[in-house]
Amino acid sequence: MSVAATEEPVRTMPPAAAQAPKTPFLRMDNVSRHFGSLKAVDGVSFEMHAGEMRAVIGPNGAGKTTFFNLISGLLPPTSGQVIFEGENITEQPIVKRVAKGIIRTFQITEILPDLSVFENIRVGVETAEKLNSKPWISRSARAAVNDRVAELMKIVNLTGKANRTVGELAHGDQRVVEVAVALSGRPRLLLLDEPTAGMGDTETDHMVDLIRRLHQDQNMSILFIEHDMDIVFGIAQHITVLDQGRVLADGTPDAISNDPKVRAAYLGSIE
Ligand SMILES: Nc1ncnc2c1ncn2[C@@H]1O[C@H](COP(=O)(O)OP(=O)(O)O)[C@@H](O)[C@H]1O
Ligand SMILES: [Mg+2]
């Protein structure tokens, strides 16, 4: 018996929605941020799609961190627009952007060094679930928080260090705690500013493996700043090169590594 005969005819045309151009997940339109006469970010336009793993590279002082600050909302732009999922968020403060899932890693100084790994992540989960303003938490809500903390510790491979005081952990583990706290906010766009800075080889491998798993297993959109070109070319699907506040090049790893402007200005010197 033919099963196909009972089914709807096969579509020969894709549905209209599939033909329409996709709304970019994150778009920056001619964004600038000046500090006095210094143009830290100078007329940058940029597009990123959902589920992308994208690196931002460029020499020190190129404007990479400032660019991230404009996305997270830490700084308002001097001019230009920031559009997230079609919505103009240029004027929105950090908290509103966090609620939309635009989350940067916290600096180590924002992590609570006297508390354990478990407690730090718990504070993150309670904040994300808006439980920390309540005078008491029900037993079921407490159990749900504990389950979520356990889940996050498992994702970042820190279950075995749950009760360790964060201030006494190795640098690499502290940065992984930062990522876990960021994950507690359920990021849709995760911003990582030099996630492997100051790490040894083993710690770097763990962080890179974590970033790769977040992208592959959870389809998370990740934008990261990184100096180590092995990491950049190892995991990024797209690379944006900033130089003196401007986009020098933007494209796939292949296109970037073959771009004469990039080679001349940047990559050539480290080969
Ligand atoms: N808050 C600030 N006030 C004044 N100048 C700043 C500020 N933040 C960054 N800058 C300057 O902007 C330029 C770009 O800095 P930054 O975005 O940190 O670059 P990168 O992260 O690529 O190294 C640098 O010249 C830096 O000194
Ligand atoms: Mg920086």
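As the structure lists them, so they are numbered: ligands from 1, and atoms in each ligand from 1.
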**Asked** Does the cation-pi check pass for R188 over F84, that is, NZ or CZ under 6.0 Å from the six-membered ring centre and within 45° of its axis?
**Response**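 No, a cation-pi geometry is absent between R188 and F84.
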Carboxylate-amine/guanidinium contact [X] [Y], below 4.0 Å:
| X | Y | value |
| --- | --- | --- |
| K154 | E151 | no |
| D173 | K161 | yes |
| D217 | R212 | no |
| R175 | E178 | yes |
| D259 | R263 | no |

For [X], is at least one N or O under 3.5 Å away from an N or O on ligand 1?
| X | result |
| --- | --- |
| G63 | yes |
| F35 | no |
| N60 | no |
| A40 | no |

In terms of residue, atom name and distance, what is the protein heavy atom nearest to [atom]?
| atom | answer |
| --- | --- |
| atom 14 (C) of ligand 1 | G61 O, 3.5 Å |
| atom 15 (O) of ligand 1 | T66 OG1, 3.9 Å |
| atom 18 (O) of ligand 1 | T65 CB, 3.7 Å |

**Prompt:** Which residues satisfy the salt bridge (Lys or Arg N to Asp or Glu O under 4.0 Å) test with E87, sequence neighbours excluded?
**Reply:**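 If we apply the salt bridge (Lys or Arg N to Asp or Glu O under 4.0 Å) test to E87, skipping adjacent residues, the hits are K100.
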**Asked** Counting only heavy atoms, which portion of L38 has something under 4.0 Å from ligand 1: side chain, backbone, both, or neither?
**Response**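 Answer for L38: side chain.
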**Request:** Kindly indicate whether the side chain of I89, heavy atoms from C-beta on, has any atom under 4.5 Å from the side chain of I102.
**Result:**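 Side-chain contact under 4.5 Å: yes.
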**Message:** Would you say that L223 contacts L190 through its side chain, given a criterion of any heavy-atom pair below 4.5 Å between the two side chains?
**Reply:**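 No; the side chains remain at least 4.5 Å from each other.
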**Item:** side chain to side chain contact (heavy atoms under 4.5 Å, CB included) between L191 and T105, worked out
**Value:** CA-CA 6 Å; L191 303 166; T105 41; over 6 Å; no
**Prompt:** With atoms numbered from 1 as shown, which atoms in ligand 1 lie under 4.0 angstrom from a non-hydrogen atom of A62?
**Reply:**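 Near A62, meaning under 4.0 Å from one of its heavy atoms, ligand 1 has 19 (O), 20 (P), 22 (O).
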**Message:** Could you check whether any heavy atom of G58 sits closer than 4.0 Å to an atom of ligand 1, since that is the contact criterion I want to use?
**Reply:**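 Contact absent.
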**Residue from I121, T165, N120 passing side chain to side chain contact (heavy atoms under 4.5 Å, CB included) with L115** =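 With L115 as partner, side chain to side chain contact (heavy atoms under 4.5 Å, CB included) holds for just one option, N120.
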**Asked** Relative to the Mg ion (ligand 2), how many protein N, O or S atoms have a separation of less than 2.8 Å?
**Response**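 Atoms of protein N, O or S type lying less than 2.8 Å from the Mg ion (ligand 2) total 1.
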**Prompt:** Under 4.0 Å from atom 12 (O) of ligand 1, is there any protein heavy atom?
**Reply:**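 At least one protein heavy atom is under 4.0 Å away.
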